[in-house]
Amino acid sequence: MGAQLRVYKRRIKSVTATKKITKAMEMIAASRIVKAQRQVAASTPYASELTRAVTAVATGSNTKHALTTEVENPVRVAVLLVTSDRGLAGGYSSNAIKAAGQLTDRLKAEGKDVVTYIVGRKGVAYYGFRELPVVDSWTGFTDSPTYADAKRVAGPLIEAVQRETAEGGVDELHIVFTEFVSMMTQTPVDKRLLPLSLEVTEDESETAKDKILPLFDFEPSDEAVLDALLPRYVESRIFNALLQAAASEHAARRRAMKSATDNAEELIKSLSRLANAARQAEITQEISEIVGGASALADATAGSDR
């Protein structure tokens, strides 16, 4: 019985130590979410306005450019997958990988050849274990990305878009990342970055009917303007996606660590009840042994008096 009690105590001690770790990780993730949210809020207006500016330039130009021109029969497509470098974040990375797999299957069903680029060790490990081809990968910054990281990721993608498909280039560029909706909701999404979709809402179209559309004059040329805007557009969109993914990662890790901490508390309570029951059984057994020994001693003493 004493051995069983020692086992329970060791397990309680081990679970308590684990609970301290998960609680600390929960608090760290919670503190980082605030900074990540601020970065997302700061980068989103710039990315949106830059997209609007590019759209304005593209609609006012007749030049065929990789930024805006739809390829009639696209052959090769690049997919950038954003995952995390570290685990303990629930299904964060696995959900993004699943979304990328669904996008890849859909593109292949359309007859397109898909080449994959990956951000994050989890995605690299997943594709490496299954021996799936990866053109390029980047790791080490998913929880706190900078604009320099976004430029490093965007460089090879921009070069691939600007090359001909016969030379290893691509006709389209898609990105799969986890969009930060709220502290409790993070949704894996896939978006096409290139060619840029020139979408006009109903409100904008109604407004345009009552207005004289502006005429654009490009210096030195409309193609040069689009060439200058192409890297900035791709970099800003990737940077915003990396920031949203980082905020989603911290939120997912906080939620996972909170669940782990709550489970540890429940396990400690359960083990404590079992340890108390074992201790009570041990005390009861000792009392029974003492009473039995005293009774036997009394019987022995009575026999000797006779």
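Position 1 is the first residue of the sequence; numbering continues from there. Below, each value reflects all heavy atoms present in this structure, side chains not excepted, and no hydrogens, waters or symmetry copies. The shown structure was predicted, so the numbers you read here are calculated from the model rather than taken from an experiment.
- Not counting sequence neighbours, the partners of Y147 by the ring-ring contact (aromatic ring centres under 6.0 Å, His included) test are F239.
- Not one N or O on the side chain of Y92 forms a donor-acceptor pair closer than 3.5 Å with the backbone of A251.
- Under the 4.5 Å side-chain criterion, counting only non-hydrogen atoms from C-beta, T116 is not in contact with L132.
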Test side-chain hydrogen bond (donor to acceptor under 3.5 Å, both in side chains) applied to T139 and D85, step by step = CA-CA 6 Å; T139 60; D85 286 324; 4.9 Å; no
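- Taking the side chain as every heavy atom from C-beta outward, F180 and V40 never approach each other to under 4.5 Å.
- Counting heavy-atom neighbours within 6.0 Å of M183 CE, excluding the residue itself, gives a total above 12.
- Between V170 and V161 the shortest side-chain heavy-atom distance falls below 4.5 Å.
- Defined by atom type and a distance below 3.5 Å, a donor-acceptor pair is present between the side-chain atoms of S93 and S84.
- The shortest distance between side-chain heavy atoms of M257 and I28 does not fall below 4.5 Å.
- We find that D105 and K108 are not joined by a salt bridge, their nearest charged nitrogen and carboxylate oxygen being 4.0 Å or further apart.
- A salt bridge is absent between E249 and K122; no separation between the charged side-chain nitrogens and carboxylate oxygens falls under 4.0 Å.
- Cluster annotation: V82 is not connected to Y127 through the hydrophobic network of ILVMFWY side chains, with a link wherever side-chain heavy atoms come within less than 4.5 Å.
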Check against side-chain contact (heavy atoms from CB on, under 4.5 Å), R253 and R32 = CA-CA 11 Å; R253 181 168 291 111; R32 289 178 176 176; 6.0 Å; no
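- Put simply, the side chain of D149 gets close to the backbone of T146: a donor and an acceptor are under 3.5 Å apart.
- K112 NZ: more than 12 foreign heavy atoms inside a 6.0 Å radius.
- By the 4.0 Å N-to-carboxylate-O rule, D171 lies too far from R76 to be salt-bridged with it.
- At distances below 3.5 Å, at least one donor-acceptor pair connects side-chain atoms of S248 with backbone N or O atoms of T178.
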Carefully, step by step, assess L242 and F141 under the rule side-chain contact (heavy atoms from CB on, under 4.5 Å).
-> CA-CA 9 Å; L242 291 176; F141 56 82; 4.1 Å; yes
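- Remark: side-chain polar atoms of E131 are not paired, donor with acceptor, to backbone N or O of G128 under 3.5 angstrom.
- In R38, the CZ atom is not crowded: 12 or fewer heavy atoms of neighbouring residues, nucleotides or ligands sit closer than 6.0 Å.
- Under a hydrophobic-cluster definition in which Ile, Leu, Val, Met, Phe, Trp and Tyr are linked whenever side-chain heavy atoms come within less than 4.5 Å, directly or via other members, L103 and V153 are assigned to different clusters.
- In this structure, V79 and L107 have side chains that are in contact, with non-hydrogen atoms separated by less than 4.5 Å.
- For S14 (side chain) and R10 (main-chain N/O), no donor-acceptor pair under 3.5 Å exists by modelled atom type.
- Enclosure of atom CD in E110 by more than 12 non-hydrogen atoms of other residues, nucleotides or ligands within 6.0 angstrom is indicated.
- T185 places no side-chain N or O within donor-acceptor distance of the main-chain N or O of S182, the cut-off being under 3.5 Å.
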In a table with atom names and distances, give each donor-acceptor pair under 3.5 Å that connects a side chain of residues 264-275 to protein atoms at least two apart or in another chain.
| residue | atom | partner | partner atom | Å |
| --- | --- | --- | --- | --- |
| S272 | OG | I268 | O | 2.7 |

Does the salt bridge (charged side-chain N to carboxylate O under 4.0 Å, His left out) test come out yes or no for R106 and D190, once each step is laid out?
-> CA-CA 12 Å; R106 186 169 71 249; D190 62 86; 3.3 Å; yes
For the pair D143 and R86, evaluate side-chain contact (heavy atoms from CB on, under 4.5 Å) and give the outcome as yes or no after the intermediate values.
-> CA-CA 9 Å; D143 59 344; R86 298 185 295 121; 4.1 Å; yes
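- For the residue pair Q280/N276, the side-chain donor-acceptor check at 3.5 Å is not satisfied.
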I would like to know whether L173 and Y117 meet side-chain contact (heavy atoms from CB on, under 4.5 Å); could you show each step before the answer?
-> CA-CA 10 Å; L173 172 58; Y117 297 78; 6.0 Å; no
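- Residues V119 and T142 are in side-chain contact: their nearest non-hydrogen atoms beyond the backbone lie under 4.5 Å apart.
- The backbone N or O of A41 sits nowhere less than 3.5 Å from a side-chain atom of T44 that would complete a donor-acceptor pair.
- For A96 against V176, the heavy-atom pair with the smallest separation is O-CG1, 3.7 Å.
- Between K35 and H250, every side-chain heavy-atom pair lies at or beyond the 4.5 Å cut-off.
- By the 4.5 Å heavy-atom criterion applied to side chains, Y233 and L194 are counted as neighbours.
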Audit row: S259, D262, side-chain hydrogen bond (donor to acceptor under 3.5 Å, both in side chains) steps and yes/no = CA-CA 5 Å; S259 178; D262 294 341; over 6 Å; no
